[in-house]
Number of protein chains: 2
Amino acid sequence: MKAPETVTAIPATPDTAPKRPRGRPRKTVDERDDGNRRHELLRAAAKLFRRKGFAATTTRDIAAAAGMQSGSPFYHFKSKDVLLFAVMEEGMQTAIARQQQTLMALKNPTPVEQLRGLVRAHFEVLHGPGSDFIPVMLYEHRSLLARQRTVLAKLQVQYESAWNPVLEALHASGHLRAPVKLARLLILGALSWSVQWFDPKKGASLDGLADAAVALFLKE
Amino acid sequence: MKAPETVTAIPATPDTAPKRPRGRPRKTVDERDDGNRRHELLRAAAKLFRRKGFAATTTRDIAAAAGMQSGSPFYHFKSKDVLLFAVMEEGMQTAIARQQQTLMALKNPTPVEQLRGLVRAHFEVLHGPGSDFIPVMLYEHRSLLARQRTVLAKLQVQYESAWNPVLEALHASGHLRAPVKLARLLILGALSWSVQWFDPKKGASLDGLADAAVALFLKE
DNA sequence: CCTACCGATCGGTAGG
DNA sequence: CCTACCGATCGGTAGG
């Protein structure tokens, strides 16, 4: 209500000046990269949703963080829910991509090496650069509408299914003793929970973490 | 504003009837068990906070779930934050108590048996009867004020510290390969995450879960 | 994308 | 504990 938000759009140029589109200046006409502004919103939303939660974050917070006025996010996203969904979907997409890259980069891997790769990739997705999206996905599931949840569930199954053959192999070779399905749930939980306690700024390395996790789960 | 909430308090009994305290009837005068109503609020709040999250739950929701009018929760709790804190504190208190009972009930336990007890007690706290309090504690941490967080942190340290000697012993005996501190974080994460996927109504037993977890973490 | 709003909801309170 | 409210905030929209 009294929030100036940013001191941008006071009409400093009256009728005398040649008419110019309001809002922040654009360098050329064909640079109007809508995708860019849209993505700024996504990143701001991801960051705020992660820190304060979906319900406690206002669309005004998000607009301000992206340097916009309070009504502007709705030019890019129909509603706050749609914004949340977009954050999660992008998170899952990049998570899946990174997971696949990691697995492909291994040459003739043993199942143990594959597990270590999956673990390492998961930590990367959770704590690496641009890592606000997936924690939102993990912790704001209940804020989604049923239909959105269905779509994301498919991506999640896709992500998790990469673990299955690896865990099966480890179970068969005696490296893993727990039932595969429960093992996957428990392992992914152990890793995902690190969002609550791992602080990337404190210097501990993701590699060290991954080693500890593999040592915890595997026999010998 | 236009919310009738519950069709309770329309003055169906005019001036003719003998005056009677409004609201739900009390059986006798000295039964006015304030602690009971207060606790009904706590339970209703825990349930709603767990299902919808703190920010998305209104004090009106809570009041209605406890059979009260919208302003009444503030007779028992100064603010919504205080209610949240009370839920978490009670959750930690009973979790610590249950954990201690479990450990005491073991006669001459091996470290492996102790771990299994701790795991089982943790699942009980998360999924047993009256299990809404601790999930709220786990998932609504960020909604707390700094001062409240400090108080709860002490209880959390107390709860977690019970794990340390057990894990140390298991590490020394070669049953546990990961560094103890990281192992504790990962294990507690694996267990706590089950809030996201375990459905008590689906029949799977907490004992089976505990067995799988121990099998996952321990060598042989 | 900004301006200027609206309608609804929400935490909380005074007074009994 | 209920009644009757208030002040603030919030998601969203019309119109440019």
Side-chain angles (χ1 to χ4, degrees), chain A residues 1-13 19-26 29 31-41 44-45 48 52-64 66-84 143 145, chain B residues 1-13 19-26 29 31-41 44-45 48 52-64 66-84 143 145:
Chain A
M1 179 134 269
K2 90 278 235 39
E5 283 182 335
T6 3
V7 201
T8 303
I10 294 160
T13 31
K19 72 177 170 217
R20 194 173 64 88
R22 257 169 314 188
R24 65 186 51 241
R26 287 197 183 108
V29 181
E31 197 203 308
R32 53 168 306 173
D33 194 332
D34 278 22
N36 249 340
R37 308 284 0 244
R38 191 188 129 103
H39 202 259
E40 281 175 47
L41 271 175
L48 287 164
K52 316 205 311 176
F54 173 72
T57 299
T58 70
T59 56
R60 284 164 168 82
D61 290 339
I62 298 168
M68 296 176 183
Q69 297 303 317
S70 66
S72 302
F74 298 97
Y75 169 75
H76 295 280
F77 298 94
K78 188 173 141 267
S79 69
K80 195 186 173 191
D81 304 270
V82 170
L83 223 186
L84 175 65
S143 303
L145 306 177
Chain B
M1 182 138 265
K2 89 288 235 28
E5 284 182 336
T6 4
V7 202
T8 304
I10 294 161
T13 29
K19 73 176 171 217
R20 195 172 64 88
R22 259 167 313 188
R24 66 185 50 243
R26 288 200 183 104
V29 181
E31 198 203 306
R32 55 166 305 172
D33 194 331
D34 277 22
N36 249 342
R37 309 280 5 240
R38 190 188 132 103
H39 202 260
E40 280 176 47
L41 271 175
L48 287 164
K52 317 204 313 174
F54 173 72
T57 300
T58 69
T59 56
R60 283 165 169 81
D61 290 339
I62 298 167
M68 297 177 184
Q69 296 303 316
S70 66
S72 303
F74 298 98
Y75 169 75
H76 294 279
F77 298 94
K78 188 171 141 267
S79 69
K80 194 187 175 191
D81 304 272
V82 170
L83 223 186
L84 175 64
S143 302
L145 306 176

Trainee: Find the distance Lys78(A):NZ to dC1(C):P and express it as a whole number of Å.
Mentor: 20 Å
Trainee: Measure the distance from CD1 on Ile62(B) to C1' on dG12(C) and round it to the nearest whole Å.
Mentor: 13 Å
Trainee: If I compare all heavy atoms of Leu84(B) with all of Ser143(B), which pair ends up nearest, and what's the gap?
Mentor: CD2-CB, 3.8 Å
Trainee: Of all heavy-atom pairs between Leu83(A) and Ile62(A), which one has the smallest distance, and what is that distance?
Mentor: CD1-CD1, 4.0 Å
Trainee: For Thr58(B), answer base if it contacts any base atom (sugar-phosphate contacts may also be present), sugar-phosphate if it contacts only those atoms, and nothing otherwise; contact means non-hydrogen atoms under 4.0 Å.
Mentor: sugar-phosphate
Trainee: If you measure from CG on Asp81(B) to CG on Leu145(B), what distance do you get to the nearest 0.5 Å?
Mentor: 4.5 Å
Trainee: From CZ of Phe74(B) over to C1' of dT13(C), roughly how many Å is that when rounded to an integer?
Mentor: 9 Å
Trainee: Tell me: CD of Gln69(A) to P of dC1(C), nearest whole Å?
Mentor: 11 Å
Trainee: How many angstroms lie between atom OH of Tyr75(B) and atom CE of Met68(B), to the nearest 0.5 angstrom?
Mentor: 10.0 Å
Trainee: Search all heavy atoms of Pro73(A) against all heavy atoms of Leu41(A) and return the closest pair with its distance.
Mentor: CA-CD1, 3.9 Å
Trainee: Rounded to whole Å, how long is the line connecting atom OH of Tyr75(A) with atom C1' of dC2(C)?
Mentor: 12 Å
Trainee: Check the distance between dT13(D)'s C1' and Phe77(A)'s CZ and give it to me in whole angstrom.
Mentor: 18 Å
Trainee: Polar pairs (N or O, both sides) under 3.5 Å between protein and nucleotides 4-7 of chain C?
Mentor:
none

Trainee: If every non-hydrogen atom of Ser70(A) is compared with every non-hydrogen atom of Ala63(A), which pair is closest and at what distance?
Mentor: CA-CB, 4.1 Å
Trainee: Counting N and O atoms only, with roles assigned by atom type, does the side chain of Arg37(B) sit under 3.5 Å from a partner on the main chain of Ala66(B), one being a donor and the other an acceptor?
Mentor: yes
Trainee: Can you run through DNA chain D from 5' to 3' and write each base as (, ), [, ], | or . depending on how it pairs? Watson-Crick or G-U wobble, both distances under 3.5 Å.
Mentor: ||||||||||||||||
Trainee: Between dC1(C) atom P and Arg38(A) atom CZ, what is the distance in whole Å?
Mentor: 12 Å
Trainee: Which pair of heavy atoms, one from Phe74(A) and one from Lys80(A), lies closest together, and at what distance?
Mentor: CE2-N, 4.2 Å
Trainee: Atom NE2 of His76(B) to atom C1' of dT13(C): distance rounded to whole Å?
Mentor: 16 Å
